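Here, residue 1 is the first one in the sequence, and each next residue gets the next number. Computed from a prediction, not measured in an experiment: that's the story for all the values here.
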Amino acid sequence: MGIATVNPATGETLKNFEPLNDQEIAQKLDQAQKTFEQYRYIPIAQKAEWMNAAATLLVDRREEFGKIMALEVGKPIASAIAEAEKSAWVCRYYAENAAQFLANVPIETDASRSFVSYQPIGVVLAVMPWNFPFWQVFRFAAPALMAGNVGLLKHASNVPQCALAIEEIFREAGFPTGAFQTLLVGSDKVAQIVTDERVKAATLTGSEPAGASLASLAGKLIKKTVLELGGSDPFIVLESADLETAVSTAVTARMINSGQSCIAAKRFIVQEAIADQFTEKLVAKYAALKVGDPMNPETDIGPLATPGILKDLDQLVQTCIEKGAKALIGGNPQDVLTRSVVAFQHGNFYPPTILADFPPGTPADDEEFFGPVALLFRVPDIDAAIRLANSSPFGLGASAWTGIQEEGNRLATELEAGAVFINGMVKSDPRLPFGGVKRSGYGRELGIQGIHEFVNIKTVWMK
Ligand code: NAP
């Protein structure tokens, strides 16, 4: 696949982009390295001023940026605008807090003075996915640039206009040109870039194969990596939970970004005693969702980002059904109402789907369903709920609903995930570290932990 904007709602190719050649890549790497040598010494207050200016641009031009996101990935327009605003939030958060997060930490030893200091490491490569095309990039770039590193972005090939807009935001905000550069390249160029000696570390948000490939190359050269990969987050509802709130949140938690979120709730694990009620309410809410034009503010679910995503998702659904699982609603991509509208006949629409009654050995056990498909499981008690939740190879987030505090404490302790939310939906927040365990990856973004990933934590000891 080339680098292009293809409207996921209509299938129309709107613009093709020429990838950078090797000479252009080398020039950008040079520029990044040269900029780093000066940029690292620019006072943090100046960096914060530029970062706040980036936030202002994001807010002032949120409708324009929202439209680009909606156009390139089919994200419903209201959530695309909200994504530009959330990206401004992470810029402001690190502009305000970086000085404190990076301040020397005195430690008493046998020295007359000893302390920990946090220093930048240089050029950091970010390989990013299309699903939150602004947010994913800003949550990497804001801490990396505030720490004095410079960033190179290899964005997903289907979001070139988002990638270029982000580069422009940093430039207009005042950052030196080489502080943040977009490289319009396909994934075949990542190996060459990550192994270049000017690149000191890399972060990848995306699929497991992509993460494993990048990390193994970086590992051979002893370069640090952070991996934010897939998830099959459990959403546990116990008998004591507030059922109405749990069901409404279940819909939002599954359908965020038309179901294409790493931290979307994917496996709904419900205690037997309330499972019939929960199921009935969930099916009714699914039936009321509006699938359609992402530019229409009334739309709940837009198209999936690419035909490949739709094909992969449908294959998982059909395999489950062939093996004996039941579709309580949806399950057939031909069923989407928007297909009757000529303009959308070639769009990547998938109907809201709920699958249940899985026999053992279906993809529901160990695959990530990246789209508007909920997997419903019934369990007798909390022990079975925790066992089933932890049986997944992934461990990104977990949401659990209960009215009993001891149950909440137990779930928070025993669920194997990078984040556990009790009586709330898993969400990212600049103040809270974000990342996974098991095959969901390693390392953390956001919070104080995020800014410490790409720094030299230097020990200084003075007699
Ligand atoms: P993907 O295919 O892995 O693409 C992500 C990025 O990696 C793109 O820039 C892609 O470039 C690049 N890439 C693909 N194959 C590569 C390789 N072999 N070596 C180096 N780079 C490579 O992922 P996706 O399917 O677009 O995104 C969805 C996945 O991302 C899901 O699994 C989702 O859960 C995960 N995700 C995780 C988080 C998190 O924070 N944990 C957040 C969002 C998404 P091209 O576009 O040029 O192929």
Distance col, row Leu152:CG vs Gln33:CD, nearest 0.5 angstrom, shows 10.5 Å

Going by heavy atoms in the side chains, are Glu445 and Pro433 under 4.5 Å from each other? no

Begin with the C-alpha distance, continue with both residues' side-chain angles, and end with the deciding distance and a verdict on side-chain contact (heavy atoms from CB on, under 4.5 Å) for Gln119 and Val455. CA-CA 5 Å; Gln119 300 188 340; Val455 289; over 6 Å; no

Taking the side chain from Asn149 and the backbone from Gly122, do they hold a donor-acceptor pair closer than 3.5 Å? yes

The criterion is salt bridge (charged side-chain N to carboxylate O under 4.0 Å, His left out); which residues satisfy it with Lys458, sequence neighbours excluded? none

Checking Arg254 against Phe235: charged group under 6.0 Å from the ring centre and within 45 degrees of the axis? no

Closest approach of Pro351 and Pro333, non-hydrogen atoms and distance? CD-CA, 3.7 Å

Using 30° and 60° as the class boundaries, would you call the ring planes of Trp130 and Phe370 parallel, tilted or perpendicular? perpendicular

With rounding to the nearest 0.5 angstrom, report the CG to CD distance, Leu184 to Glu18. 10.0 Å

Without swapping roles, check the side chain of Ser440 against the backbone of Gly230 for a donor-acceptor pair under 3.5 Å. yes

Would you find a donor on one side and an acceptor on the other, under 3.5 Å apart, between the side chain of Glu24 and the backbone of Asn21? yes

Neighbour count >12 (heavy atoms, 6.0 Å) for atom CD, Glu37: yes

Output the distance between atom CZ (Phe377) and atom CG (Leu355), rounded to the nearest 0.5 Å. 9.0 Å

Pair His155, Thr182 - check side-chain contact (heavy atoms from CB on, under 4.5 Å), show working. CA-CA 8 Å; His155 216 326; Thr182 283; 5.8 Å; no

Would you check if the side chain of Ser399 reaches a backbone N or O of Gly424 as a donor-acceptor pair within less than 3.5 Å? yes

Full working for side-chain contact (heavy atoms from CB on, under 4.5 Å) between Leu214 and Val190: CA-CA 8 Å; Leu214 175 111; Val190 171; 3.6 Å; yes

Closer than 3.5 angstrom, by distance alone: can the side chain of Thr353 be matched with the main-chain N or O of Gly330 as a donor-acceptor pair? no

Within 45 degrees of the ring normal and closer than 6.0 Å to the centroid, is that where the cationic atom of Lys200 sits relative to Phe36? no

Is it the case that the side chain of Thr319 and the backbone of Val317 share a donor-acceptor pair, with hydrogens and angles ignored and the cut-off at 3.5 Å? no

More than 12 heavy atoms of other groups within 6.0 Å of Lys189 NZ: yes

Looking only at non-hydrogen atoms, find the nearest pair between Gly186 and Ser157 and report the distance. CA-OG, 4.1 Å

Residue set satisfying side chain to side chain donor-acceptor pair (under 3.5 Å) with Asp366, at least two apart, ordered chain then number -> none

Could you tell me whether a side-chain N or O of Ser392 sits under 3.5 Å from a main-chain N or O of Ala389, the two making a donor and an acceptor? no

Can any side-chain N or O of Glu72 pair as donor or acceptor with the backbone N or O of Gln161 at less than 3.5 Å? yes

Donor-acceptor pair, Asn390 side chain versus Glu416 backbone, under 3.5 Å? yes

My understanding is that only residues two or more places apart in sequence, or in another chain, count here; which of them pass side chain to side chain donor-acceptor pair (under 3.5 Å) with Glu168? Arg61

To check you understand the geometry: which heavy-atom pair defines the closest contact between Leu304 and Pro372, and what is its length? CD2-CD, 3.9 Å

For Leu415 and Ala400 the tightest heavy-atom approach is CD1-CB, 4.4 Å

Is a side-chain donor-acceptor pair under 3.5 Å present for Asn456 with Tyr118? no

CE of Met146 to NZ of Lys47, rounded to nearest 0.5 Å, is 7.0 Å

Give me the atom names and distance for the closest heavy-atom approach of Gly74 to Pro294. O-CB, 3.3 Å

Between Asp30 and Arg198, does the salt bridge (Lys or Arg N to Asp or Glu O under 4.0 Å) criterion hold? Intermediate values first, please. CA-CA 8 Å; Asp30 256 344; Arg198 287 161 289 199; 3.0 Å; yes

When rounded to the nearest 0.5 Å, the distance separating CD1 of Ile166 from CD of Gln181 is 14.5 Å

Side-chain donor-acceptor pairs of residues 446-454 under 3.5 Å, sequence neighbours excluded:
from	atom 1	to	atom 2	distance (Å)
His452	NE2	Phe101	O	2.8
Glu453	OE1	Lys224	NZ	2.8
Glu453	OE2	Arg444	N	2.7

Could you note down all residue pairs passing ring-ring contact (aromatic ring centres under 6.0 Å, His included) where residues 164-220 supplies at least one of them, sequence neighbours left out? Trp50-Phe175, Phe138-Phe170, Phe170-Phe175, Phe170-Phe180

Side chain to side chain donor-acceptor pair (under 3.5 Å) contacts touching residues 255-266 (sequence neighbours left out): Lys75-Asn257, Lys266-Glu368

Pair Tyr442, Thr225: side-chain N/O donor-acceptor within cut-off below 3.5 Å: yes

Residue from Ile354, Leu313, Asp314 passing side-chain contact (heavy atoms from CB on, under 4.5 Å) with Val373: Leu313

Please check this pair: side chain of Gln136 against backbone of Pro129, looking for a donor-acceptor N/O pair closer than 3.5 Å. no

Of all the heavy-atom pairs spanning Ala201 and Ile121, show the shortest one and how long it is. CB-CD1, 3.7 Å

Any chance you could measure Leu183, atom CG, to Leu125, atom CG, to the nearest 0.5 Å? 7.0 Å

Charged N to carboxylate O below 4.0 Å: is that the case for Asp300 and Lys290? no

Residue pair Phe17, Thr5: steps toward the side-chain contact (heavy atoms from CB on, under 4.5 Å) verdict: CA-CA 8 Å; Phe17 291 76; Thr5 300; 3.8 Å; yes

